[in-house]
Asks: 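If you scroll down you'll find the structure; I have some questions about it.
Only a predicted model underlies this, so the values are computations on that prediction, with no experimental measurement involved. Numbers restart at 1 for each chain; the letters A, B, ... are given by sequence-line order, proteins then strands.
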2 protein chains.
Amino acid sequence: MERLIINEVQEVSCDRCSISALCLPGELSDADRAALNQIVQRARPVRKGACLFRAGDRADSVFALRTGSLKSFRVTPEGAEHVTGFFLPGEVVGLESLANGAHTHTAVALDTSLVCRIPLDQFDALSVRIPTMRRQLVRVMSRELNDAQERLADARHAGAPATFAGFLLDLSDRLQRRGLETRCFMLPMSRGEIASYLGLTQETVSRVIARLQQDGMIAIHAREVRIVDEQAMRALARCGLHGCRPTPE
Amino acid sequence: MERLIINEVQEVSCDRCSISALCLPGELSDADRAALNQIVQRARPVRKGACLFRAGDRADSVFALRTGSLKSFRVTPEGAEHVTGFFLPGEVVGLESLANGAHTHTAVALDTSLVCRIPLDQFDALSVRIPTMRRQLVRVMSRELNDAQERLADARHAGAPATFAGFLLDLSDRLQRRGLETRCFMLPMSRGEIASYLGLTQETVSRVIARLQQDGMIAIHAREVRIVDEQAMRALARCGLHGCRPTPE
DNA sequence: CGTTACTTTGAGGTCCGTCAAGGCCGGTGG
DNA sequence: CCACCGGCCTTGACGGACCTCAAAGTAACG
């Protein structure tokens, strides 16, 4: 069976890791890469369910996820937890908290995870010497900003099926960026967390999944997903409310 | 009458402008500020309805708005225009386009506007010498990222009234940040543009306005807004769907 | 094997989008 | 000065998508 399970993923090598992409826009010299490698603090395991950081903690570092998966969330004044993001191996966590020096989210491991810590002041010092490095930080943040706005654009206009399809495809694309299996993978999060992230309810997510499955676009058993008809999925995700019905026929 | 009209706002002095906030986290020396002032290209008037930049244009600068107001939008594959942001005097435009070197949005003046252009390469060169400057760029982007995520969180959970209330309060807060009148101001954009920005329809926006007005929370004539009951507005904006009804009585 | 958390499925209500018509200006031209 | 026109805004009726509430089924853990 050719599926790849996210939480079984091998440790990500540095040139696959997007922290490394922080300094590898047009390749980085070996010397510079070594310098970066030296300020990165590796091997800090976070057990499933444990916090990488909590809202309110001092934010003087960013983190790169090497193995496992994380979610980040806020807690609303009413006490409900709102999931704001999921993180896969090779991705950067904590960028949004640099503004005020304190984390605005809490980050929790969905699976036991290994992360690298990059102290900001050291990174800053290094970035003075390496131009590509500071430019790439801006670039990464800019990209995130763009993504956030794009998701914001879709959030209201797309129906629940389109939203969920977009979610799966986003995961798939992010796996591809790391060179992993894109059609068949394991969801590290629960239905409720997906729902919270997408701004839907557990029940709606469940129903949408059932629908997409019986339409033959995906196959899900528990948390194992297979994207069967990627074409149809992309079409579904692309169109908002107008024009194309969830099932056109 | 103590209202202040956005498009009559005086030119924003440099220490009120958030481009300046790019380098003024804990104050900047006069010499450094002068250096920044020199790379900023001023006085480039954009007439109402004209483009500051178009999607696809090379993005090698960011812009600071001095006078007037802008909107930024994408055009969906179906040809509909989706508003992604509004900009008031003292705010920075174009940050989200730094990733790929090309603008992802189009920016259009809602009123005749004056902008400053900051060439990125020159800014970058300057930031090497001035540590606070490069840190503050990260800080500004981080803040934007945070805002975007917050809006994303609200988008689905909040009803239309809460969404609109949040929109007005956001404008009010941004005016306050610039030291302008916060309770009574002029909307530079149409109902349709508000609707597009919030992911609602023109009609819903209109209805919500009518409702908030008859509830005594705001007063609107045409594009002139007065926030009457800020307490109630904040309470409305804060709560999503759960707990508090639009009109609790 | 029982407890607990997660997931699925069903029935009913509500908010908002759609469609449609009418009002309020500002502009243009007679 | 007025009539006409077009854009923008408002208001109403209706239907559908999704949330709420409720309960049963399933998987993971001790």
Asks: Please tell me if B:R223 has a side-chain N or O lying less than 4.0 Å from either OP1 or OP2 of D:dC8.
Replies: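 Negative; the distance criterion is not met.
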Asks: When the distance from NE2 of B:H221 to C1' of C:dC25 is rounded to whole Å, what number comes out?
Replies: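 Rounded to the whole Å, the gap is 14 Å.
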Asks: Without decimals, in angstroms, what is the distance between B:I220 CD1 and D:dT10 P?
Replies: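 Rounding to the nearest Å, CD1 of B:I220 and P of D:dT10 are 8 Å apart.
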Asks: One thing to verify: whether A:R174 and A:D170 come together as a salt bridge, which I'm taking to mean a side-chain N less than 4.0 angstrom from a carboxylate O.
Replies: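 A:R174 and A:D170: salt-bridged.
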Asks: In this structure, are over 12 heavy atoms from other groups packed under 6.0 Å from A:R47 atom CZ?
Replies: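 For A:R47, atom CZ is not crowded (no more than 12 foreign heavy atoms under 6.0 Å).
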Asks: Aromatic contact between B:F73 and B:H82, with the criterion being ring centroids under 6.0 Å apart: yes or no?
Replies: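 They do not qualify: ring centres at least 6.0 Å apart.
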Asks: Heavy atoms only, 4.0 Å cut-off, all strands: where does A:A210 land among base, sugar-phosphate and nothing?
Replies: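 A:A210: backbone/sugar contact only, no base atoms under 4.0 Å.
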Asks: What's the CZ-C1' distance between A:R191 and D:dT26, to the nearest Å?
Replies: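 Distance check: A:R191 CZ to D:dT26 C1' gives 12 Å.
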Asks: Rounded to whole Å, how long is the line connecting atom CD1 of A:I209 with atom P of C:dT9?
Replies: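 To the nearest whole Å, that distance equals 10 Å.
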Asks: For A:L88, is there any backbone N or O sitting under 3.5 Å from a side-chain donor or acceptor partner on A:E91?
Replies: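 Looks like yes, one N/O pair under 3.5 Å.
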Asks: Check this for me: does any side-chain nitrogen of one of B:D215 and B:R211 sit under 4.0 Å from a carboxylate oxygen of the other?
Replies: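 Salt bridge flag = yes for B:R211 with B:D215.
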Asks: Which of residues 195-208 of chain B sit near DNA chain C, with a heavy atom under 4.0 Å from it?
Replies: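 Contacting residues: B:G199, B:L200, B:T201, B:E203, B:T204, B:R207.
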Asks: Less than 4.0 Å between a side-chain N and a carboxylate O, is that true for B:R183 and B:E230?
Replies: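 The answer is yes: the pair qualifies as a salt bridge.
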Asks: Rounded to whole Å, please give me the gap between CG in B:L110 and P in D:dG7.
Replies: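 It is 18 Å, rounded to the nearest whole Å.
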Asks: Without decimals, in angstroms, what is the distance between B:M189 CE and D:dC9 C1'?
Replies: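 Taking CE of B:M189 and C1' of D:dC9, I get 16 Å after rounding.
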Asks: Would you mind reading off the distance between A:Q214 atom CD and C:dT8 atom C1', rounded to a whole angstrom?
Replies: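 So the CD-C1' distance, A:Q214 to C:dT8, works out to 13 Å.
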Asks: Round to the nearest Å and state the distance from B:R211 atom CZ to D:dT10 atom P.
Replies: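 It is 16 Å, rounded to the nearest whole Å.
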